[in-house]
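For reference, the structure is listed below as structure tokens.
Per chain, numbering begins at 1; letters A, B, ... match sequence-line order. Side chains are part of it too, since the values below use all heavy atoms of this structure and drop only hydrogens, waters and symmetry mates.
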Amino acid sequence: MEYDFKAIESKWREYWAKTGIFKTPARPIRSGGPASPLPELTAGQAGKKKYYLLEMFAYPSGDIHIGHFRNYAMGDAYYRYKKMCGYDLLHPFGWDAFGLPAEEAAIKNKLHPRNWTLNNITTSRTTLQDLSISYDWDREVITCQPDYYKWTQWIFLLLYKRGLAYQADSFVNWCPGCKTVLANEQVDAQGQCWRCHSDVGKRNLKQWFFKITDYAERLLKDIDKLTHWPENIKTMQRNWIGRSEGTEIQFPIANCELRIGVFTTRPDTIYGVTFMAIAPEHPLVEKLVTPEQKDKVAAYVKQALAKSEIDRASADEKDGVFTGSYAVNPLSGEQVQLWVTDYVLVHYGTGIVMGVPAHDQRDFLFARKYNIPIKVVINPPAKTLSPETMTEAYADEGVMTNSGPFNGLPSAEGIGKVTEYVRKKGLGEPNVHYRLKDWLLSRQRYWGAPIPMVHCPKCNVQPVPESDLPVLLPEDVKDFIPKGRSPLADVKKFMDAKCPKCGGPAQRDPDTMDTFVCSSWYHLRYTDPKNTKEPFSKAEAAKWLPIDTYIGGSEHACGHLIYFRFITKVLYDAGWVNVDEPAVRLFNQGMVMDEKGEVMSKSKGNAVSPIDLMNTQGMDASRLAIFFAGPSETEMVWSDQVVVGARRFINRLYQLVESLPPATAEAVGDTRKLAAAAEMSKLYRKMHLTIKEVTEDIEQFHFNTALSKIMELVNNIYDVKNLLRHPTRAADMEGVKGIIRKATRVAVQLIAPLAPHLAEELWEKLSEQNSIFNQAWLKHDPSALEQEKIELVIQVNGKVRSHITVPSGTAEDEIKKQALADEKVQQILKGAPPKKVILIPGRLVNIVG
RNA sequence: GCCGGAGUGGCGGAAUGGCAGACGCGUCGGACUCAAAAUCCGAUCUCCGCAAGGAGGUGAGGGUUCAACUCCCUCCUCCGGCACCA
């Protein structure tokens, strides 16, 4: 009979839904008694039974496509495997439901963003349920619902109370397309908006920030704890945080009281300073410019700010304008000109640099352009540089020269010596700077969580009291077309508020929060999603945290994956959670591409619907095809071709089970005795080897090799079965049937995480009553892997020349003797004595002639 | 430019110091069939050879080793990330 995937898959889908097999156990079993509030149990502790498996939740942009499906199918397979291993699992799902596309779609379709979003969620949820992904839907979270964003606002207030949320005027990334500000993480390498790819500009606005820089050092240092995270993600985070050790040195301004600090990693070049440079946005520019230069500087600043980030960064020429002020080199006493230039970044270091043209390429270009002197203070080993002949800066190490008391010192040593000197003189001190900037979270958009702050004319900024949360997003807003300021600013009913401090009239903050705030703590809400009194209870969080395996795309390396580490640390410091890192293991799944090699996505219109696949190919066949296509972490190309092998395999296994004698003939007794004949003992061994290898593979997300090994087992079963077609030893028949049946059961159990509907059906056919997912995962018998006879490869000079079979446990000398006596070996050696004989036990003998 | 990752049959890929190409797709041959599909069996890295067998072979070149897809050095190509970071 053909395998009727439609009937069988829907039968088991309904069965799982009815029996509630994916529900989270109320109390995960922990060794050492029931969970207590904030117990000391953490992941990695021996005997723990809980398992928190999480896939990154989804932005509900329409329906689930095959790219999502690959991600969720991996999680589902791993869930089912872990369940069979006896873990109590938390495997929730939810929706990252605030965000710009909802507004855009709403404007286009004349739908409220809320309705558009909730409709998409309904569609996508139904799809996931149809696909039998093992989520506990009782724990679903939807970030745009007041019962969720109430606690997002609570998190904001927590950060505010802890001095980690502040409002500041600053030049921020402004996307003219989205008409909102963007976090640094949302501007790509081309200086464009991550969503609409408009060139991002700069605007000076008063905005809310989270002080993630306070956590820079810990976020960096604790990367070392993440031993089960992919190396590339950790490297990306390290680069993103960008720790840089250097020295901050104060330069007095001539003829005035001001001093300016510069940050440098090369204090050894300080005697080579021939100018100073300040960023155009720097607040001190106004104070440092002299009246004569005022107009020129103002014009320059204006045009610099008008440039897009990318134009500014890609300019080959370094240009600038003299401010009219002079800075005094605190070591040499020399006076140098202070320039404004846009190659200095206001956000990095102090926003002011010392210009050392001889030893910094950018400074060199700048000095050449404006005829600023070049002074050599580092000479390369055994060479003397001359400013006149230099064509580029010499930035490497060397020997200090023209540097007063430091002459003759190797520059590497000079760094420490100069720092020490300025520190003693009170002119500066060692300092560390980070590339990481504070997290800009205000958005001038409607569809987000309102910022729970009010602005009182008397009391300034005041937090909304916790008891007044949530600050509800007004629903009856019709005009959310972006205008460059928050649509909420025009909703009088929303804006008018009482000051929590003085009770006087005040205004709400009109901005909403970056959606990355919503997604930075959802993993915590899952532990206690219906709590109305707290964001989550400490006890529930303690039960489940940390996430044991987190599955998601590597594109979140420097965004979400840093933010959720940060928020977890803040909550750890505040005593809410007992882990300071959210996820023990991170797994990055590869993307799904179409046959042209392009990423599948809704916007490209090339996305394959998993529902279509389910209807045409079957869910299990589609899953197996996805798993088999290649390693889980690499990209895969989807084509209908890849399902062919999977479908054949499913039929092959189904036919195998169908062809077994009735259950009464089951001979599952002492299979070792049955394994008398050579073929049988080979199959018996293969069965245990497969259990071992498949277990190891699934544990490591190597679903492709796991499946290939199950295929091998099934092929071997067929080989043995084919022997029955021409039986020569009738007495062995029953034993052979028994081992076939046993091995088939094993194959069915091993395939269960990968092809769950098929496995349930076959399990039932094998006369089992209970769900296969309530069965214990198989354990291999190590003694079954031992072989009575071992085949060894015989090499001569590293080339395979022959094979011998020896009883296991044969003495090394005996093996070597036999190897040398081999006919083939004799032919090649021609009687000459071997120089060396190398024996690798259980593998090979290499004879060096 | 800097930092990661990768490069293996016609294709997806396997093997992380020990028989390169497991498993699957495709192709070819055979069985079944009136025929086809499906299914089953066999072959399938390249070259020489009827065969037995032999030689070469994992981006290129060098090295370490009894033995290298695997480790080391140099280079090429592709992918990803960062990039005026002082």
Side-chain angles (χ1 to χ4, degrees), chain A residues 2 188-190 230-240 242-244 246-247 262-267 269 277 279 312-316 318 341-345 347-356 359-363 365-366 395 433-437 554-555 557-558 588 597 624-625 628-631 633-637 639 641-649 651-652 655 702 704-715 718-719 722 725 791-803 824 834-849:
Chain A
E2 265 301 284
D188 67 17
Q190 282 73 47
E231 211 48 54
N232 63 328
I233 299 288
K234 293 195 279 185
T235 305
M236 282 160 77
Q237 292 205 350
R238 285 191 188 103
N239 291 342
W240 189 260
R243 186 181 198 274
S244 170
T247 308
V262 300
F263 176 71
T264 180
T265 54
R266 293 296 301 272
T269 64
R312 225 172 119 166
S314 62
D316 295 332
K318 312 283 174 216
T341 170
D342 67 4
Y343 80 81
V344 177
L345 307 173
H347 287 291
Y348 193 78
T350 62
I352 307 174
V353 301
M354 57 185 213
V356 187
H359 306 294
D360 181 283
Q361 186 59 19
R362 295 155 300 180
D363 297 346
L365 293 172
F366 191 79
H433 277 277
Y434 300 91
R435 213 194 68 108
L436 183 75
K437 294 176 201 168
S554 58
E555 67 273 19
C558 298
N588 291 133
L624 292 185
F628 193 62
E633 49 272 79
T634 59
E635 279 175 7
M636 70 163 288
V637 173
S639 77
Q641 258 334 310
V642 302
V643 203
V644 174
R647 285 180 62 178
R648 279 189 199 149
F649 172 73
N651 276 319
R652 210 165 138 80
Q655 298 304 336
H702 293 171
N704 58 331
T705 49
L707 181 52
S708 75
K709 281 157 195 165
I710 300 169
M711 286 171 167
E712 283 182 46
L713 176 62
V714 170
N715 289 347
Y718 267 93
D719 290 344
N722 286 342
R725 286 201 294 203
E791 193 184 70
L792 291 171
V793 170
I794 308 299
Q795 293 184 335
V796 179
N797 294 327
K799 282 182 203 267
V800 180
R801 296 299 181 180
S802 184
H803 294 84
K824 209 61 216 191
K835 286 200 187 107
K836 210 173 181 182
V837 180
I838 290 136
L839 180 102
I840 307 298
R843 288 197 183 266
L844 60 71
V845 182
N846 189 11
I847 295 157
V848 186

Item checked: Counterpart residues, salt bridge (Lys or Arg N to Asp or Glu O under 4.0 Å), relative to A:Arg435 (two or more places apart) -> none
Item checked: Side chain of A:Val848 (C-beta onward), nearest among B:C66, B:G18, B:A14 -> B:C66
Next item on the list: Quick one: look up who B:U33 pairs with, Watson-Crick or G-U, both distances under 3.5 Å, and put none if it's unpaired.
Entry: none
Check: Quick one: ring-ring contact (aromatic ring centres under 6.0 Å, His included) partners of A:Phe263, sequence neighbours excluded?
Finding: A:His433
Check: Touch check for A:Lys824, heavy atoms < 4.0 angstrom, all strands: base, sugar-phosphate only, or nothing?
Finding: sugar-phosphate
Check: Under 4.0 angstrom, heavy atoms only, what part of the nucleic acid is A:Asn715 near: base, sugar-phosphate, or nothing?
Finding: sugar-phosphate
Notebook entry, point to check: Watson-Crick or G-U wobble partner for B:C82, using a 3.5 Å limit on both distances?
Noted result: B:G1
Checklist line | Complementary nucleotide for B:G17 - Watson-Crick or wobble, under 3.5 Å | finding: none
Checklist line | Flag side-chain contact, heavy atom, 4.5 Å: A:Val848 against A:Val837 | finding: no
Next item on the list: Write down the distance separating the C1' atoms in B:G21 and B:C45, rounded off to the nearest Å.
Entry: 7 Å
Next item on the list: Could you tell me whether A:Val344 contacts a base, only the sugar-phosphate backbone, or nothing, with contacts defined as non-hydrogen atoms closer than 4.0 Å?
Entry: base
Notebook entry, point to check: What's the CG-P distance between A:Asn722 and B:C41, to the nearest Å?
Noted result: 6 Å
Check: When you compare B:A68 with B:G18, how far apart are their P atoms, in angstrom units rounded to a whole number?
Finding: 11 Å
Next item on the list: May I have the distance from A:Leu844 (atom CG) to B:A20 (atom C1'), rounded to whole angstrom?
Entry: 14 Å
Checklist line | Nearest-Å distance for atom pair OH/P, residues A:Tyr718 and B:U39 | finding: 11 Å
Item checked: Among B:G18, B:C85, B:C40, the one nearest A:Arg652 by side-chain distance -> B:C40
Notebook entry, point to check: Less than 3.5 Å between a donor and an acceptor, one on the side chain of A:His803 and one on the base of B:C19, is that the case here?
Noted result: yes
Check: How would you list, by chain and number, every residue that makes a salt bridge (Lys or Arg N to Asp or Glu O under 4.0 Å) with A:Arg647, sequence neighbours excluded?
Finding: none
Any N/O pairs under 3.5 Å between the protein and nucleotides 2-9 of chain B? List them or say none.
none

Can you name the atoms? Protein N/O to nucleotides 10-13 of chain B N/O, anything below 3.5 Å, with the distance.
| residue | atom | partner | partner atom | Å |
| --- | --- | --- | --- | --- |
| B:G12 | O2' | A:Ala629 | O | 2.4 |

Check: Within the side chain of A:Asn846, is there an N or O that forms a donor-acceptor pair under 3.5 Å with the backbone of A:Ile838?
Finding: no
Notebook entry, point to check: What is the distance from atom CG of A:Asn588 to atom CD of A:Glu555, rounded to the nearest 0.5 Å?
Noted result: 8.0 Å
Item checked: Identified pairing partner of B:G7, criterion: Watson-Crick or G-U wobble below 3.5 Å -> B:C76
Next item on the list: Determine the interatomic distance between C1' on B:A20 and the same-named atom on B:U46; round to the nearest Å.
Entry: 14 Å
Check: How far does the P atom of B:C3 sit from the matching atom of B:C73, given to the nearest Å?
Finding: 13 Å
Check: Mind checking whether A:Lys234 and A:Gln237 have side chains closer than 4.5 Å, heavy atoms only?
Finding: no
Check: Within the structure, does a side-chain N or O atom of A:Asn797 lie under 4.0 Å from either OP1 or OP2 of B:A67?
Finding: no
Margin query: The side chain of A:Arg648 is closest to which nucleotide in this list: B:A14, B:C25, B:A86?
Written below: B:C25
Margin query: Which residues pass the salt bridge (Lys or Arg N to Asp or Glu O under 4.0 Å) test with A:Arg652, not counting sequence neighbours?
Written below: none
Next item on the list: Taking atom C1' in both B:U8 and B:U70, compute the distance separating them and give it to the nearest angstrom.
Entry: 12 Å
Note to self: In whole Å, I'd like the distance from the CG atom of A:Asp719 to the P atom of B:C23.
What the structure shows: 10 Å
Note to self: Using a 4.0 Å heavy-atom cut-off, does A:Arg435 contact any base of the nucleic acid, only the sugar-phosphate backbone, or nothing at all?
What the structure shows: base
Note to self: Quick test of your reading: applying side chain to side chain donor-acceptor pair (under 3.5 Å), list the pairs with at least one residue in residues 704-713 of chain A, sequence neighbours left out, ordered by first then second residue.
What the structure shows: A:Lys686-A:Glu712, A:Asp697-A:Thr705, A:Asp697-A:Lys709
Item checked: Nearest-Å distance once atom C1' is located in both B:G63 and B:G13 -> 30 Å
Check: What does B:C23 pair with, Watson-Crick or G-U, if both distances are under 3.5 Å?
Finding: B:G12
Item checked: Strand partner of B:A55, provided both Watson-Crick or wobble distances fall under 3.5 Å -> B:U46
Margin query: Can you tell me if A:Asn588 touches the phosphate of B:G80, counting only side-chain N or O atoms and a distance under 4.0 Å to OP1 or OP2?
Written below: no
Note to self: Measure CG/A:Leu624 against C1'/B:C23 and give the value in whole Å, please.
What the structure shows: 13 Å
Notebook entry, point to check: Within the structure shown, what part of the strands sits under 4.0 Å from A:Glu791 by heavy-atom distance: base, sugar-phosphate, or nothing?
Noted result: base
Please tabulate, one pair per line, each protein N/O and nucleotide N/O from nucleotides 56-59 of chain B that are separated by under 3.5 Å, including the distance.
| residue | atom | partner | partner atom | Å |
| --- | --- | --- | --- | --- |
| B:G56 | OP2 | A:Lys799 | NZ | 3.0 |

Item checked: Non-neighbouring partners of A:Val793 that pass side-chain contact (heavy atoms from CB on, under 4.5 Å), sequence neighbours left out -> A:Gln795, A:Val800, A:His803, A:Leu844
Check: With respect to the side chain of A:Glu712, which nucleotide from B:A86, B:A22, B:C25 is positioned closest?
Finding: B:A22
Margin query: Just to verify, what does A:Gln361 make a side-chain contact (heavy atoms from CB on, under 4.5 Å) with, not counting sequence neighbours?
Written below: A:Phe364, A:Leu365, A:Glu392, A:Ala393
Next item on the list: Please figure out whether A:His347 or A:Lys836 has its closest RNA chain B nucleotide nearer the 5' end.
Entry: A:Lys836
Note to self: By the rule that syn is within 90° of 0, classify the base conformation of B:G49 as syn or anti.
What the structure shows: anti
Check: Base, sugar-phosphate, or nothing: which does A:Arg801 touch, judged by heavy atoms less than 4.0 Å apart?
Finding: sugar-phosphate
Next item on the list: Could you check A:Pro230, A:Cys558, A:Ser554 and say which one makes a side-chain contact (heavy atoms from CB on, under 4.5 Å) with A:Met236?
Entry: A:Cys558
Next item on the list: Return the set of residues passing side-chain contact (heavy atoms from CB on, under 4.5 Å) with A:Ile794 (not counting sequence neighbours), or none when no residue passes.
Entry: A:Ser802, A:Ile804, A:Ala819, A:Val825, A:Val845, A:Ile847
Notebook entry, point to check: Roughly how far apart, to the nearest Å, are B:G80 and B:C25 at atom C1'?
Noted result: 28 Å
Next item on the list: Report the distance from atom CZ of A:Arg362 to atom P of B:G1, rounded to the nearest whole Å.
Entry: 17 Å
Note to self: Working to the nearest 0.5 angstrom, can you tell me the gap between A:Thr269 OG1 and A:His359 NE2?
What the structure shows: 7.0 Å
Next item on the list: Measure the distance from NZ on A:Lys709 to C1' on B:G24 and round it to the nearest whole Å.
Entry: 14 Å
Item checked: Inter-nucleotide C1' distance (B:G10, B:G26), Å rounded -> 8 Å
Next item on the list: List for me each residue that meets side-chain contact (heavy atoms from CB on, under 4.5 Å) alongside A:Thr341, sequence neighbours excluded, and say none if there are none.
Entry: A:Ala277, A:Tyr300, A:Tyr343, A:Val344, A:Phe366
